[in-house]
Amino acid sequence: MNSPVAQPDHSTSHTKTVIRHSARKKETMKASIQFPQSSQLQLYCSFAVIAICAQQPLGVSTEKGHPDQLFGPTTVDVLVYGATPAGIATAVTAAEAGQSVALAVPPHTELGGMMAGGLGWDDVLGEPEVNVYGNASMYARFTALVYQHYAKISSVAANLSHHGTRHEPRVAKSIFANVLASARVVVWQNASLRSVYRGNDGAIISVTLCEDNNCENVTANIFSDGTYMGDLLAAAGAPFRVGRESRREFGELNAGVVFTISDANGGSLFLQGSTGAASARIPAMSWRMCFSNDTNNQIVLDAPPLGYNRSLYLGYLADRQAGRIGSTFDAWSNPRPLPPNGTKFDMNCNPRPLGFIWAGPQKELIVSANETRRAELIAELRTLALGLLYFQQSDPEVPISDRVTARQYGLCKDEFTSNGNFPTQLYIREARRLEPQEWFTEHDMVPSQPGGRSPMRENSVAVGSFAIDAFPCGNQEPAIEFQSKGATLEGYIDMQSALSSYYTLPADIMLSESVPNLVVPVAVGASHVAFASVRVEPTWLLLGGAAGIMITIATEMGCLPRSVPILRLQLRVATQQPIVYFSDLPFTSPYFVAMQVLGPWGVADTLQPSLTAAPTSLLSKSEAANWIVGALRARNSTIGFIQPPPAPRNHGSWADFGPEDRFFEAAAFCAQAGAFPEPTNTQEFHPLDPVTATDFARWADKILGSVAWEVLGQSMPPGPCRRGDAAVYLFELLHIRD
């Protein structure tokens with residue numbers, strides 16, 4: 001598959017204010033199901049299937065098996081559709097674990113997604129933190145390879161790479177291609193998704209991929225949608241949304257229709273017209289341009305692009321005349337120098353001018369367009385970008401000083417050479433979003449107390465850290481009295497770094513209940529507001545790596561991804577990347593794995609707001625009870641089923657510890673289970689006192705039903721119990737093994 005073809009047609013989808021698409025309810029596949037081996041697969045496929053064709057509405061096939069005129073059936077363990085960084089991470093991680101993996105690159109997309117198709121400065125705030133990205137995650141591996149590449153050129157190039165987070169797009173593409181080749185991932189270029197075949201239980205059996213009329217039918221145990229658009233999940237009939245939720249639906253501050261102005265403290269002020277109503281409009285789709293100011297490496301625009309319309313750019317002249325921007329060239333973001341020598345620049349589209357041209361209707365149309373129309377719409381946006389550059393450099397109404405500035409820059413001769421030196425990947429910030437069992441929302445990102453943690457999701461597999469940042473969604477301007485004060489077009493949420501903190505990303509936002517063998521690491525089940533933070537490539541690489549591990553374990557166990565034991569997944573993920581942010585827990589710490597794996601289950605909970613693990617500090621009695629109950633819940637949980645906390649019951653209180661205190665319910669449960677005497681108002685519990693190592697071990701053994709005390713308990717250091725030692729003890733007690 002080599003020549004470009006186009007994307008699936010989902011134009012039959014209907015539109016609402018916020019669009020919800022749902023497949024018919026299917027009987028859930030049982031957790032004990034064994035995936036068929038290759039020799040059994042044809043028999044499995046001979047049962048009745050649902051043919052979900054990208055070119056037509058959902059319907060039931062009247063034929064058994066697969067349609068005629070297909071050749072060369074291909075069977076793999078895992079098929080990943082979409083070669084975004086997350087899709088590549090999923091494919092490579094699964095392949096390196098021994099799975100047979102095929103990666104299909106859809107038409108009009110780039111192998112390596114935005115990082116190879118335009119973006120040169122990764123969205124990392126400051127230096128890449130090892131406590132977020134780890135030292136063995138796919139993103140950590142990528143940045144190490146980038147740094148090594150430039151370090152071989154010069155120290156200047158290495159420094160410009162900023163620890164490997166800044167790179168030329170062509171270098172990123174080469175690195176991704178090499179990693180895929182090393183992992184022996186089969187890559188199919190220009191693979192158009194024609195149809196998806198599902199069993200009566202909803203699981204995908206196979207997909208048909210085509211280049212023109214040259215088609216292959218591919219069967220797999222597990223499928224993954226690695227596209228920015230969510231094309232496979234839509235074609236498979238998984239429920240999804242397009243648009244923005246209302247403020248009322250999830251109680252999110254930034255949701256729905258909003259007009260904002262940035263304040264000086266990293267937040268936004270809401271203006272008139274901010275109704276919070278739901279909207280079908282999504283954030284701008286645009287380009288990350290790669291420009292050069294080296295005359296020997298420039299493509300100069302000496303004529304306007306075909307279809308040029310100068311009237312589209314006059315809003316930038318109005319912005320300049322009103323003082324909202326200093327130059328018409330400010331329609332791009334500030335030039336961001338790239339290695340090896342700082343003569344190439346990554347430039348985003350500046351979302352702040354009122355003349356912003358990227359919030360038009362093309363973006364919503366692209367999501368649901370058929371393959372021909374999608375290509376046309378992408379071409380329109382390409383013309384829009386080239387026209388802007390020509391306007392800035394050549395239009396006689398543009399001030400001469402602006403034209404002089406703009407003429408310093410041109411397209412790079414050595415980038416995107418097969419695409420007229422223009423970026424090969426449209427910047428799709430948000431399109432379809434999977435409907436999960438439990439949504440990930442703004443509330444999962446915002447600490448309840450200053451300096452503390454965001455609410456933790458127990459089935460966490462990655463740490464998120466980027467600010468909430470959404471580009472304008474519509475062309476509606478703010479009230480005129482605010483236009484001179486920096487107010488922006490409707491829908492813009494400007495880098496709300498003061499609102500969110502480090503947060504935990506749960507595994508189940510990548511899973512569909514109705515398509516049980518589909519894993520989605522890009523178009524995840526997050527609200528629009530939360531997606532505005534999750535949607536950056538470093539975070540997607542973390543999710544893609546976790547998805548590959550999830551898929552591998554499910555295949556090894558012969559179960560569905562949702563049925564994978566959560567501790568087994570978290571252990572394997574934690575060897576590559578953190579799943580909880582601790583500011584003081586390096587990878588070299590002997591407590592790292594235990595405190596990471598059990599972090600979401602209580603170990604990261606502290607009496608006072610803190611982001612530390614404090615492994616050498618003493619563990620209080622109330623915290624100890626909470627840890628033990630969390631370990632019990634973790635042992636009984638899978639990705640798709642989280643054991644709920646013990647139900648409150650009518651019990652008494654200790655004289656110094658009652659229901660209004662943190663961790664009381666956990667302590668009362670431990671008492672009820674016989675770990676220590678039940679509460680009475682004549683006795684004191686001393687919840688803040690350090691627990692002794694002996695008591696902690698006995699309590700844990702009692703609650704978890706272990707007989708390990710004689711072996712493990714005796715090895716606990718005597719005296720008050722340190723947090724790190726307690727975590728390691730619980731980890732061993734649970735027999736957590738990969």
K.L.:
Looking at R568 and E556, is there a salt bridge between them, counting it only when a charged N and a carboxylate O are closer than 4.0 Å?
P.N.:
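The answer is yes: the pair qualifies as a salt bridge.
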K.L.:
In terms of side-chain heavy atoms, does N254 have a donor or acceptor partner in Q496 at a distance below 3.5 Å?
P.N.:
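Yes, side-chain donor-acceptor contact under 3.5 Å.
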K.L.:
Check whether the ring centres of Y228 and W540 lie less than 6.0 Å apart, and answer yes or no.
P.N.:
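Ring-ring flag for Y228/W540: true, centres closer than 6.0 Å.
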K.L.:
Between atom OG of S192 and atom OH of Y81, what is the distance when rounded to the nearest 0.5 Å?
P.N.:
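Here the interatomic distance stands at 5.5 Å.
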K.L.:
Using a strict cut-off of less than 4.0 Å between a Lys/Arg side-chain nitrogen and an Asp/Glu carboxylate oxygen, indicate whether D508 and R562 qualify as a salt bridge.
P.N.:
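Answer for the salt bridge query: no.
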K.L.:
For a side-chain hydrogen bond (donor to acceptor under 3.5 Å, both in side chains) with H528, tell me which candidate from E430, E245, E252 qualifies.
P.N.:
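Considering E430, E245, E252, a side-chain hydrogen bond (donor to acceptor under 3.5 Å, both in side chains) with H528 is found only for E430.
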K.L.:
Could you point out which residue of Y581, F466, F582, Y133 forms a ring pair (Phe, Tyr, Trp, His ring centres under 6.0 Å) with Y502?
P.N.:
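Only one of Y581, F466, F582, Y133 forms a ring pair (Phe, Tyr, Trp, His ring centres under 6.0 Å) with Y502, namely Y581.
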K.L.:
Is there a donor-acceptor contact under 3.5 Å from the side chain of T504 to the main chain of V463?
P.N.:
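Not confirmed, T504 side chain does not pair with V463 backbone.
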K.L.:
Examine distances only and state if a side-chain atom of D122 and a backbone atom of V124 form a donor-acceptor pair shorter than 3.5 Å.
P.N.:
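Checking the backbone N and O of V124 against the side chain of D122, no donor-acceptor pair under 3.5 Å is found.
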K.L.:
Quick one: does M285's side chain get under 4.5 Å of V367's, heavy atoms only?
P.N.:
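Yes - at least one pair of side-chain heavy atoms lies under 4.5 Å apart.
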K.L.:
Side chains of L119 and D123: closer than 4.5 Å at any heavy-atom pair?
P.N.:
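SC-SC contact between L119 and D123 confirmed.
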K.L.:
Is the backbone of L253 close enough, under 3.5 Å, to the side chain of E442 for a donor and an acceptor to pair up by distance?
P.N.:
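It does hold such a pair.
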K.L.:
Nearest 0.5 Å, please: how far is CG in L103 from CG in L111?
P.N.:
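Taking CG in L111 and CG in L103, the distance rounds to 6.5 Å.
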K.L.:
Would you find a donor on one side and an acceptor on the other, under 3.5 Å apart, between the side chain of Q596 and the backbone of V580?
P.N.:
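Answer holds: yes.
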K.L.:
Evaluate salt bridge (charged side-chain N to carboxylate O under 4.0 Å, His left out) for E249 paired with R241, printing each intermediate quantity in order.
P.N.:
CA-CA 14 Å; E249 180 165 3; R241 291 184 179 184; 2.7 Å; yes
K.L.:
Working to the nearest 0.5 angstrom, can you tell me the gap between T539 OG1 and L505 CG?
P.N.:
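Here the rounded value is 7.0 Å.
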K.L.:
With rounding to the nearest 0.5 angstrom, report the CE to CZ distance, M114 to R535.
P.N.:
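Rounded to the nearest 0.5 Å, the CE-CZ separation comes to 10.0 Å.
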K.L.:
Please report the shortest heavy-atom distance between A95 and A183, naming the atom on each side.
P.N.:
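Taking every non-hydrogen atom into account, CB-O, 3.4 Å.
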K.L.:
Begin from the C-alpha positions of D605 and V603 and carry the test side-chain contact (heavy atoms from CB on, under 4.5 Å) through to its verdict.
P.N.:
CA-CA 5 Å; D605 285 334; V603 168; over 6 Å; no
K.L.:
Side chains of S195 and Y197: does their closest heavy-atom pair fall under 4.5 Å?
P.N.:
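The answer is yes, as the side chains (C-beta and beyond) meet within the 4.5 Å cut-off.
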K.L.:
Evaluate salt bridge (charged side-chain N to carboxylate O under 4.0 Å, His left out) for E364 paired with R244, printing each intermediate quantity in order.
P.N.:
CA-CA 12 Å; E364 289 85 17; R244 293 173 286 160; over 6 Å; no
K.L.:
Where the side chain of R433 meets the backbone of G243, is there a donor-acceptor pair that is under 3.5 Å apart?
P.N.:
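Checked: pair present.
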K.L.:
So does R572 get a backbone contact from the side chain of T575, meaning a donor-acceptor N/O pair under 3.5 Å?
P.N.:
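Checked: pair present.
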K.L.:
Using a 3.5 Å distance criterion without hydrogens, assess whether the side chain of D77 forms a donor-acceptor pair with backbone atoms of S100.
P.N.:
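Side chain of D77 to backbone of S100, a donor-acceptor pair under 3.5 Å: yes, one is there.
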K.L.:
For T638 and S563, indicate whether the former's side chain and the latter's backbone hold a donor-acceptor pair under 3.5 Å.
P.N.:
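No; judged by distance alone, with no hydrogens or angles, the pair does not exist.
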K.L.:
Could you tell me whether R432 and D225 make a salt bridge, using a distance below 4.0 angstrom between a side-chain N and a carboxylate O?
P.N.:
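A salt bridge is absent here (no side-chain N lies under 4.0 Å from a carboxylate O).
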K.L.:
Return yes if some donor-acceptor pair links the side-chain N/O of T227 with the main-chain N/O of G82 below 3.5 Å, else return no.
P.N.:
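It does not hold such a pair.
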K.L.:
I'd like to know if the side chain of T219 pairs up with that of T75 as donor and acceptor (distance under 3.5 Å, no hydrogens or angles considered).
P.N.:
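Judged by distance alone, the side chains do pair up.
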K.L.:
Could I get the full list of side chain to side chain contact (heavy atoms under 4.5 Å, CB included) partners for E458, not counting sequence neighbours?
P.N.:
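Side chain to side chain contact (heavy atoms under 4.5 Å, CB included) list for E458, sorted by chain: W601, R633, I642.
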K.L.:
Classify the ring geometry of Y503 against F440: parallel below 30°, tilted from 30° to 60°, perpendicular beyond 60°.
P.N.:
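Geometry flag for F440 against Y503: tilted rings.
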K.L.:
Within the 3.5 Å criterion, strictly below it, is a donor on T555 or N221 matched to an acceptor on the partner's side chain?
P.N.:
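No, because no side-chain N or O of T555 sits under 3.5 Å from a partner of the opposite role on N221.
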K.L.:
Looking at S137 and G134, would you say the former's side chain and the latter's main chain have a donor-acceptor pair under 3.5 Å?
P.N.:
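Pair absent, no side-chain N/O of S137 close to backbone of G134.
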K.L.:
What class does the angle between the rings of F176 and F142 fall in, given that below 30° is parallel, 30 to 60° is tilted and above 60° is perpendicular?
P.N.:
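Rings of F176 and F142: parallel, under 30°.
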K.L.:
Flag the pair E537 and R429 as a salt bridge only when some basic side-chain nitrogen lies within less than 4.0 angstrom of an acidic carboxylate oxygen.
P.N.:
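So E537 does not pair with R429 through a salt bridge.
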